[in-house]
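Because the structure is predicted, anything quoted here is derived from the model rather than measured.
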Amino acid sequence: MTRTALLVLADGRFPAGGHAHSGGAEAAVEAGRITDAASLEAFCRGRLHTSGLAAAALAAAAALGTDPVALDAAADARTPSAALRVAARRLGRQLMRAARATWPHPELDALARAFPKGAHQPVVLGLTARAAGLGPEDAAYCSAYEGISGPATAVVRLLSLDPFDATRALARLAPEADQVVRDAVGAALRCADEGLDALPAGSAPLLEIGAEAHAARPVRLFAS
């Protein structure tokens, strides 16, 4: 295992398409739920402990070698919003392109054939980590961090928020992100004995509702 591979995968410059998505932050800004650094931190905290935990567990399970087709179905079941399912698959397709170019692997090729229009991003992320020689904890960390750094970066653009304040919000969430990763990896490990029902399925209704409203807007800065 090489930790440098994790840095490459988690780097915001890795061409996985995340820059075009706000993780629900644009809809939250439009609704007045994010107005400053404090509300950004609260938004990211809520996302981290709900959809973020579910995504991190899916990524960890994929990195462990759990059937990615079954994991994709589990991701679908945990994503009620059609708009979010579309966004997750678009991100998965873009990540797959970058992953296959960076770490060619037959398991990535097989998943790409099974889902030519894109598998869910956390599943692709976990399989990418596996192809890069990384473990489930690495995959979960990458997923959890992406889940909060994406909204933070978007809000800097949407509100002209001071980048220092956004980064401070992320740093304050670090201990909670560590716990989410531990919980995600634990759930992924239990899958071997308990099946996919061991994976968390935390709900974030406002993210789902916001995604549907955002998708219907004729003008928007971010895809989701």
Side-chain angles (χ1 to χ4, degrees), residues 1-3 5-10 14 16 18 23 44-80 84-85 87-89 91-93 95-96 98-99 102-103 105-112 114-115 118-150 173-204 207:
M1 181 187 298
T2 169
R3 284 288 186 244
L6 176 58
L7 296 177
V8 172
L9 182 57
F14 190 71
C44 289
R45 177 174 289 107
R47 181 176 168 83
L48 180 64
H49 288 284
T50 53
S51 60
L53 173 58
L58 287 163
L64 282 168
T66 305
D67 177 13
V69 175
L71 286 173
D72 189 82
D76 243 18
R78 287 159 173 76
T79 313
L84 284 183
R85 291 196 297 271
R89 292 190 182 282
L91 283 167
R93 183 171 65 245
L95 174 57
M96 178 66 78
T102 308
W103 297 289
H105 195 283
E107 291 185 38
L108 288 172
D109 296 338
L111 186 61
F115 297 96
H120 275 266
Q121 192 269 356
V123 180
V124 180
L125 176 60
L127 206 59
T128 300
R130 183 175 171 85
L134 299 169
E137 186 178 36
D138 299 309
Y141 263 113
C142 192
S143 179
Y145 183 68
E146 283 182 354
I148 57 176
S149 63
L173 289 169
E176 294 177 59
D178 288 344
Q179 184 59 55
V180 163
V181 168
R182 288 192 289 270
D183 292 344
V185 173
L189 290 169
R190 291 195 300 274
C191 275
D193 297 323
E194 303 174 24
L196 295 176
D197 285 346
L199 296 177
S203 176
L207 281 178

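Among all heavy-atom pairs drawn from L53 and A184, the shortest one is CD1-N, 3.8 Å. Among all heavy-atom pairs drawn from A139 and A63, the shortest one is CB-CB, 3.9 Å. Shown here for L199 and R78, the closest heavy-atom pair between the two residues is O-NH2, 3.1 Å. Closest heavy-atom contact between A70 and L196: O-CD1, 3.5 Å. A99 approaches F14 most closely through the heavy-atom pair N-CZ, 4.4 Å. Looking at every heavy atom in both residues, V69 comes nearest to A114 through CG2-CB, 4.4 Å.
Contact of the L9 side chain with the L125 side chain is registered, since non-hydrogen atoms from C-beta on lie closer than 4.5 Å. Looking at heavy atoms from C-beta onward, D183 lies out of side-chain contact with P200 at the 4.5 angstrom threshold. No side-chain heavy atom of L84 sits under 4.5 Å from any side-chain heavy atom of H120. Side-chain contact between F115 and V123: absent, with no pair of heavy atoms (C-beta onward) separated by less than 4.5 Å. No side-chain heavy atom of L134 sits less than 4.5 Å from a side-chain heavy atom of Y141. Side chains of Q179 and P175 form no contact here, defined as non-hydrogen atoms less than 4.5 Å apart.
The line from OG of S143 to CG of L48 is 9.5 Å long, rounded to the nearest 0.5 Å. To the nearest 0.5 angstrom, E146 atom CD is 8.5 Å from L91 atom CG. Annotation: the span from D109 atom CG to M96 atom CE amounts to 8.0 Å, rounded to 0.5 Å. Put simply, SG on C191 and CG on D67 are 11.0 Å apart, with the number rounded to the nearest 0.5 Å. Atom CG of L71 is separated from atom CG of L58 by 6.0 Å, given to the nearest 0.5 angstrom. Distance CD1/I148 to CG/L173: 5.0 Å, rounded to 0.5 Å.
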| Test side-chain contact (heavy atoms from CB on, under 4.5 Å) applied to R89 and D76, step by step | CA-CA 10 Å; R89 292 190 182 282; D76 243 18; 3.3 Å; yes

| query | Going through the distances and angles, do R85 and D72 end up as a salt bridge (charged side-chain N to carboxylate O under 4.0 Å, His left out)? | reply | CA-CA 11 Å; R85 291 196 297 271; D72 189 82; over 6 Å; no

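D138 contributes a side-chain N or O that, together with a main-chain N or O of G135, makes up a donor-acceptor pair within less than 3.5 Å.
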